[in-house]
K.L.:
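For reference, the structure I am asking about is given below.
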Amino acid sequence: MIVVLLGYMGSGKSTVGQKLAQRFDYKFLDLDYYIQKKFKTRIHDIFKNKGEIYFRKIEAECVKEICENNIDIVIALGGGTPCYGNTLDYLLSKSSVNTIYLKASLDNLVKRLSPEKNKRPIISNIGDENIKEFIAKHLFERSEFYDKAHYKIDTNSLTLNQIVNRIELLFKVK
Ligand code: S3P
């Protein structure tokens, strides 16, 4: 089985993914990390030097490469991965793949993302006074894609352990 975690930046995909992989005794792969290793460049520099369209192309290719070459793996996507090209359709069409949307509230996302704004190419140019409005609009646009995931976990009032327990339960009752 391939478990794919998706959701906005700062929704906890990597943290939850690592813990979940330990629990399942699966391999864990963070897509951004995979891309950085493969292309020997930081995501920030890919955006800066090659542009977002190029990044979207390689992230789509990398997701497919990972899914074709692995079984029993948890993958944390990038926040934008399911929103471009045919990546989400590809993931939804593969019977071995289970997609899970980690849904965090706007307030929590703003709280988590504001201090690390400069590390994130998508929001690094947004002024502090506009960050909440930007995320609200962006999240609204992306929710159309995130909402298509097989499962959705509202993470707002849950601890890391509780989130992992919920995900484990999804597969136990199946
Ligand atoms: C992006 C999210 C980032 C990374 C890139 C673009 C996005 O991943 O892929 O900076 O478009 O939301 P995380 O969600 O892991 O931060």
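As the structure is a computational prediction, the values presented were derived from the model and not from experiment.
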K.L.:
May I ask you to decide if Ala21's main-chain N or O and Lys27's side chain share a donor-acceptor pair within less than 3.5 Å?
P.N.:
no

K.L.:
Grouping I, L, V, M, F, W and Y whenever their side-chain heavy atoms are under 4.5 Å apart, do Ile73 and Tyr151 come out in a common cluster?
P.N.:
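In one cluster with Ile73: Tyr151, no.
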
K.L.:
Just verifying a value: how many Å separate Ile35 CD1 and Leu31 CG, rounded to the nearest 0.5 Å?
P.N.:
4.0 Å

K.L.:
Under 3.5 Å, is there a donor-acceptor pair between the side chain of Tyr146 and the main chain of Gly79?
P.N.:
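Such a contact is found between Tyr146 side chain and Gly79 backbone.
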
K.L.:
Can you check whether Ile66's main-chain N or O pairs, donor with acceptor, with Asn70's side chain at less than 3.5 Å?
P.N.:
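Yes, because the side chain of Asn70 sits within donor-acceptor range (under 3.5 Å) of the backbone of Ile66.
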
K.L.:
State plainly whether one hydrophobic cluster holds both Val63 and Phe47, where clusters connect Ile, Leu, Val, Met, Phe, Trp and Tyr through side-chain heavy atoms under 4.5 angstrom apart.
P.N.:
yes

K.L.:
How many angstroms lie between atom SG of Cys62 and atom CG of Leu77, to the nearest 0.5 angstrom?
P.N.:
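Answer for the SG-CG pair, Cys62 versus Leu77, is 11.5 Å.
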
K.L.:
If we ignore hydrogens and angles and just use 3.5 Å, is the side chain of His150 paired with the main-chain N or O of Thr99 as donor and acceptor?
P.N.:
yes

K.L.:
Between CD1 of Ile135 and CD1 of Ile122, what distance do you get to the nearest 0.5 Å?
P.N.:
11.5 Å

K.L.:
Is Glu141 salt-bridged to Lys137, cutoff N-O under 4.0 Å?
P.N.:
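Answer for the salt bridge query: yes.
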
K.L.:
Taking atom types as modelled and ignoring hydrogens, do the side chains of Glu65 and Tyr34 form a donor-acceptor contact shorter than 3.5 angstrom?
P.N.:
yes

K.L.:
Taking salt bridge (charged side-chain N to carboxylate O under 4.0 Å, His left out) as the test, write out the residues that go with Lys57, two or more places apart.
P.N.:
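In terms of salt bridge (charged side-chain N to carboxylate O under 4.0 Å, His left out), with neighbours along the sequence ignored, Lys57 is linked to Glu61.
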
K.L.:
I'd like to know whether Met1 forms a side-chain contact (heavy atoms from CB on, under 4.5 Å) with Val3, so could you lay out the CA-CA distance, the side-chain angles of the two residues, the decisive distance to 0.1 Å, and finally the verdict.
P.N.:
CA-CA 6 Å; Met1 175 170 75; Val3 179; 3.7 Å; yes

K.L.:
For the pair Leu113 and Met9, evaluate side-chain contact (heavy atoms from CB on, under 4.5 Å) and give the outcome as yes or no after the intermediate values.
P.N.:
CA-CA 8 Å; Leu113 292 172; Met9 290 176 281; 3.9 Å; yes

K.L.:
Can you give me the closest heavy-atom contact between Pro121 and Ile43, atom names plus distance?
P.N.:
CG-CG2, 4.5 Å

K.L.:
In terms of hydrophobic clusters joined by side-chain contacts under 4.5 Å, are Phe28 and Val16 together?
P.N.:
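Yes: a chain of side-chain contacts under 4.5 Å links Phe28 to Val16.
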
K.L.:
What heavy-atom pair brings Ser124 and His44 nearest, and what distance separates the two atoms?
P.N.:
OG-CE1, 4.4 Å

K.L.:
How close do Ser114 and Val110 get, heavy atom to heavy atom, and via which atoms?
P.N.:
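Minimum heavy-atom separation between Ser114 and Val110: OG-O, 2.8 Å.
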
K.L.:
Say whether, by atom type as modelled, one donor and one acceptor occur between the side chain of Ser93 and the main chain of Asp89 under 3.5 angstrom.
P.N.:
yes

K.L.:
Looking at residues at least two apart in the chain, or sitting in another chain, which of them share a salt bridge (charged side-chain N to carboxylate O under 4.0 Å, His left out) with Arg42?
P.N.:
Asp45

K.L.:
Looking only at side chains, do Ser105 and Asn156 share a donor and an acceptor under 3.5 Å apart?
P.N.:
yes

K.L.:
At what distance, to the nearest 0.5 angstrom, does CD1 of Ile100 lie from CD1 of Ile167?
P.N.:
4.5 Å

K.L.:
Using distance alone, with no hydrogens and no angle criterion, decide if His138 and Tyr8 have a side-chain donor and acceptor under 3.5 Å apart.
P.N.:
yes

K.L.:
Would a 4.5 Å heavy-atom cut-off, applied to side chains only, mark Lys132 and Lys111 as touching?
P.N.:
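A side-chain contact is absent here, since even the closest heavy-atom pair is not under 4.5 Å.
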
K.L.:
Determine whether a donor-acceptor pair (N or O, by modelled atom type, separation under 3.5 Å) exists between the side chain of Thr155 and the backbone of Lys103.
P.N.:
yes

K.L.:
Would you say the side chain of Leu169 lies within less than 4.5 Å of the side chain of Asn165, judging by non-hydrogen atoms?
P.N.:
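Result no, sub-4.5 Å side-chain heavy-atom pair not found.
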
K.L.:
Name the one of Ile2, Leu20, Val74, Ile71 that satisfies side-chain contact (heavy atoms from CB on, under 4.5 Å) with Tyr26?
P.N.:
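Per the side-chain contact (heavy atoms from CB on, under 4.5 Å) rule, the option paired with Tyr26 is Val74, out of Ile2, Leu20, Val74, Ile71.
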
K.L.:
Looking at Tyr33, is its backbone amide N or carbonyl O close enough to the side chain of Asp30 to form a donor-acceptor pair, meaning the two atoms are under 3.5 Å apart?
P.N.:
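Checked: pair present.
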
K.L.:
If we ignore hydrogens and angles and just use 3.5 Å, is the side chain of Lys19 paired with the main-chain N or O of Leu160 as donor and acceptor?
P.N.:
no

K.L.:
What distance separates Glu59 CD from Ile46 CD1, expressed to the nearest 0.5 Å?
P.N.:
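It comes to 9.5 Å.
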
K.L.:
Would you kindly confirm whether Val164 and Leu6 end up in one hydrophobic cluster when ILVMFWY residues are joined by side chain heavy atoms under 4.5 Å apart?
P.N.:
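In one cluster: no.
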
K.L.:
Main chain of Tyr84, side chain of Arg56: is a donor-acceptor contact present, judged purely on distance under 3.5 Å?
P.N.:
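Side chain of Arg56 to backbone of Tyr84, a donor-acceptor pair under 3.5 Å: no, none is there.
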
K.L.:
Give, for atom CD of Glu133 and atom CD1 of Ile131, the distance between the pair rounded to the nearest 0.5 Å.
P.N.:
11.0 Å

K.L.:
When you look at Phe134 and Ile123, which way does the side-chain contact (heavy atoms from CB on, under 4.5 Å) test go after all the steps?
P.N.:
CA-CA 8 Å; Phe134 175 86; Ile123 51 173; 3.6 Å; yes

K.L.:
As a quick check of understanding, evaluate side-chain contact (heavy atoms from CB on, under 4.5 Å) for Ser11 and Tyr101, giving each step before the final call.
P.N.:
CA-CA 9 Å; Ser11 60; Tyr101 171 23; over 6 Å; no

K.L.:
Would you please say whether a donor-acceptor pair under 3.5 Å links the side chains of Asn69 and Lys64?
P.N.:
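No, no side-chain donor-acceptor contact under 3.5 Å.
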
K.L.:
Is a side-chain donor or acceptor of Thr41 paired with a backbone partner of Phe39 at a separation under 3.5 angstrom?
P.N.:
yes

K.L.:
Do Arg166 and Asn161 have side-chain atoms, one donor and one acceptor, less than 3.5 Å apart?
P.N.:
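Side-chain D/A pair, Arg166 to Asn161: absent.
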
